[in-house]
Amino acid sequence: MGAEASTCQQVLVLWVQGPVDSRSHWGSEEDRRWRSGWVPCVSLLNAWTEIERAQIQVQKMTLWSLMLWFPLSAVLCQGPRVPGLNPKPNAGESELIVLRPWVPRGPGSYRVKRDWIIPPIRVLENSKHVPEDLVQIKSDKIFTSQVIYKLEGPGVDQEPKNLFEIDDKSGIIRSKQPLDREKHKSFKLKAFALSTSGQRLENPTIIEIMVLDQNDNRPSFIKNQFTGSVSEFSVPGTSVMSVSASDADDPSTDNAILSYSILSQESEPANAVTKVMFGINNETGAIYTRDVGLDREVVKSFRLRLQVADMSGMGLTSEGVAIVHVTDINNHAPQFSPSMYHASGVENRKDYELCRVNVTDRDDRGTGNWEAKYTITRGNAGGNFEVHTDPVSNQGVVTVVKPLDFEGQSEYTLVLTVVNQNPLSSKAPNFPVSSATVVVRVVNENEAPRFREDPIQVLVPESVAPGTILKTNLAYDPDQTGLRYDIVTDPERWLDVNKLTGDIITRRPLNIRSPHLKNGVYNAVVRATDAEGMATSATLLITLMETNDYPPQLVPVSGIVCRPGNHPDSFLLLTAVDEDLAPHAEPFTFELLDEMTVNWTVVPVNKTHTRLHSLVELEVGQYTVDVLVSDSGTPFLSSFAQVNVTVCACDRFSQCRSETAAILGSSVGISFIAVAIVIAASLLLLLLLLLAVAINSCTSRHHLQKESALLVGESEEDVRDNVLNYDEQGGGEEDENAYNLDLLNPSEAPHIPASFFCPGPLGDVGPRVGKPPLRKDAPHNLPSPTYPRRPPADPTDIEDYINDGLEAADHDPNVPPYDTALIYDHEGEGSLAGSLSSIASGSSDGDQDYDYLNDWGPRFKKLANMFDPR
């Protein structure tokens, strides 16, 4: 092969060195000799000719160009040796032929040097012949100077290092160790020709080394185990899944062409199916069904042993596993087992389990093909029952969601049907839907009374009279037993109830201004109890309607009117106060009596105020004007009031000028000094008289209380009215005073406000002399309310007596308000009850002998030591 390569190289050298025009002689006998013996070489030369005809620019090729082309041409240009052109190399000579181009062929004949396009060098991977010579490069500078060759790039001085090297003198490139294509497919190296001084003699040349693949890698499946599924009763050809494998060899060669196959098949349970049920596409690895008869109730899954081989099935092999699960289809309808059930339900209860029904289903447990869905198709018109599925047992759970009533219906017959969550497959048998019957017997229980409405709504006017029936027929007992009624909550104690009939009755007048009303609604609670003690309560909501209960009161009832009539304040502004609410209050109507209209008139200002004017020029003095004021209620209420009007000459501040100045300025009547003396004497006499009466009253009151207390104490009828104090630790035996409750009785004692009592000589209090002042916040001229009479003889009504008196006091406008500091009367002195010490001895504590306490035992030892510490 070396000789053939050498001959071909010589031919190529002659071809390259010779001018293109000199090739015309190749059609001679010599040309025919070349063509007959070197057809491959001629083909190569013709290729070069076509390249030149295409005017491919070829740079000047130096004599050091690579000899890589020539080993390749030696392979291509194999043929009969031509004498003189294929000399046999001598023993020991290298097969790498050194190309010496551009040698002159004669005078005037020359060849322009060109650069070669060097094809890649192909090296087989995993070669055991290392080091191995790959190629030799030469430079024509070797004829003039010494040349040193260098090589650099990946595989030489870059990672991976030390794979290739070059002989710096001969230019031979060789591999140092076996190559691995799976790690490095190719290498691009750069060769240099340098002088001994390191000067670059030629341009660098790129050398590409391609690593040829060997079938040195087994194919392997990408998973240790593949898993797929197929529905039962699938037809042949149904796709199950695809498996795949990989091969690290060159995919462009047969080393990486894979082929798949199934080696064996195992069923679960074992031997449930013996025929081959699956096949595989040897190129794609797709697994499919080959036969019919897949039934999940018979076989659950298959285990397939797979094989993959490269070289289209003729090379290296590997094995894998594929698991095929047979999935369920809904080919079995659920069936009730049994189909008849009996249950008992307690009335008046809800949200509890009544019973459970069972079904069977051969489909895959836990899937939608197995899960049951129940429906009550008949017997549940009232919606008292529901049925749902237990997700664990698949049972139907029948529950009571609405209370049952034994008196209304004592037995129910329910019809249930069942289907699966998923629709039934077309491959399932055509059976009717399964159904079951549940007979429910209602158990009777004592039921609590039931109010006909809760809350109970009542709308009444606030002026409703006591004893009025507000509501009747409140409740009933489902068990037809008698009921008893009572009031549970009644903050104002306005209501009463008939214990047998349940009629709600007003006990006392209603007050819309009660603090227990919210938005005009009064809340109470009434209770009904049956014969067995079961009770039910309901809220009673009483809405009070405003009525016209109070007439308006005129204010003010006195004032000043300035004269003359053109004065800015020659009128008195009047208004009214009404305790009623709208629409029974304003607007107010003000009127004068007929006899008053001669000198006076009223001029309205707005809905609540009017002006009182004089029609004539009146003399200075006091005048009384009767005014009638009415509200706008239905029916309206009116009240008369006498207005005391002072007509006077006013100063610039609208105040009456001093009477002294008027008298001094008058020249008519008695002198001012005489009038002053008379007035002063009268006032002094009145003051002395009042002081004497006050002192006498206080002293008399003190003695009256003592005598009254003793007299009361002597009466056996009034013993219960005496309050004796036994728990006061500081009073001792002499504190025997009692308080006479008769003084609280307005029918026997005058009504005197507590704040007008004066202290007595021993610190007690007595009534003061004088008229009690009116409250500033109370309307004028209002009578005091009627206080309750003497307490009844029945002690159980004491509470009502006290509450009535408290309510009357709260609405009395002639006493101080509730937050005024009050001075209470002394509770009295003296008591008819004798001293307890007189029972044992009449002597003092010092004369007593307490030695007998020591004889009473250890429990009284402490007491004995206290009285006789000896």
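In this chain, residues are counted from 1 in sequence order.
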In Å, rounded to the nearest 0.5 Å, how long is the span from [atom1] of [X] to [atom2] of [Y]?
X	Y	atom1	atom2	answer
Ile121	Glu208	CD1	CD	9.5 Å
Met241	Ser229	CE	OG	8.5 Å
Thr274	Gln265	OG1	CD	9.0 Å
Leu212	Arg122	CG	CZ	7.0 Å
Ile323	Thr227	CD1	OG1	6.5 Å
Ser261	Leu306	OG	CG	8.0 Å

Considering residues, nucleotides and ligands other than [X], do more than 12 of their heavy atoms fall under 6.0 Å from its [atom1]?
X	atom1	value
Lys185	NZ	no
Lys183	NZ	no
Lys176	NZ	yes
Gln199	CD	no
Gln158	CD	yes
Asn224	CG	no

Side-chain donor or acceptor of [X] paired with backbone N/O of [Y] under 3.5 Å:
X	Y	answer
Glu353	Val397	no
Tyr374	Gly396	yes
Glu386	Thr399	no
Glu125	Arg181	yes
Tyr260	Ala245	yes
Thr289	Gly237	yes
Asp167	Ser170	yes
Ser234	Ser231	yes
Tyr288	Asn281	no
Arg174	Leu134	no

May I ask you to decide whether Glu268 forms a salt bridge with Arg303, counting only side-chain N to carboxylate O separations under 4.0 Å? no
Could you walk me through whether Leu416 and Phe336 pass side chain to side chain contact (heavy atoms under 4.5 Å, CB included), step by step? CA-CA 9 Å; Leu416 279 64; Phe336 280 104; 4.2 Å; yes
Applying ring pair (Phe, Tyr, Trp, His ring centres under 6.0 Å) to Phe278 and not counting sequence neighbours gives Phe302
Is any side-chain heavy atom of [Y] closer than 4.5 Å to one of [X]?
X	Y	result
Val324	Met277	no
Ser220	Ser246	yes
Leu163	Ser175	no
Lys427	Glu232	no

Derivation and outcome, side chain to side chain contact (heavy atoms under 4.5 Å, CB included), residues Glu202 and Val147 | CA-CA 10 Å; Glu202 302 287 353; Val147 179; over 6 Å; no
[X] to [Y] - nearest heavy-atom pair and separation:
X	Y	value
Gln421	Lys373	NE2-CB, 3.9 Å
Ile376	Val387	CG1-CG1, 3.7 Å
Asp249	Gln214	OD1-O, 3.1 Å
Lys300	Pro269	N-CD, 4.2 Å
Thr238	Val230	CG2-CG2, 4.3 Å
Thr317	Ala309	CG2-CB, 3.4 Å

Requested in this report: Please step through side chain to side chain contact (heavy atoms under 4.5 Å, CB included) for the pair Val418 and Gln335, ending with a clear verdict.
Outcome: CA-CA 8 Å; Val418 61; Gln335 300 293 322; over 6 Å; no
With no hydrogens and no angle check, just 3.5 Å: does a side-chain donor-acceptor pair link [X] and [Y]?
X	Y	result
Asn369	Asp328	yes
Thr375	Thr377	no
Asn420	Asp361	yes

So ring pair (Phe, Tyr, Trp, His ring centres under 6.0 Å) across residues 166-191, not counting sequence neighbours, yields Phe164-Phe187, His184-Phe187
When Asp310, Asp213, Asp247 are each screened for side-chain hydrogen bond (donor to acceptor under 3.5 Å, both in side chains) with Asn255, the one that passes is Asp213
Item to complete: Test Thr367 against Thr327 for side chain to side chain contact (heavy atoms under 4.5 Å, CB included), laying out the working first.
Response: CA-CA 10 Å; Thr367 65; Thr327 59; over 6 Å; no
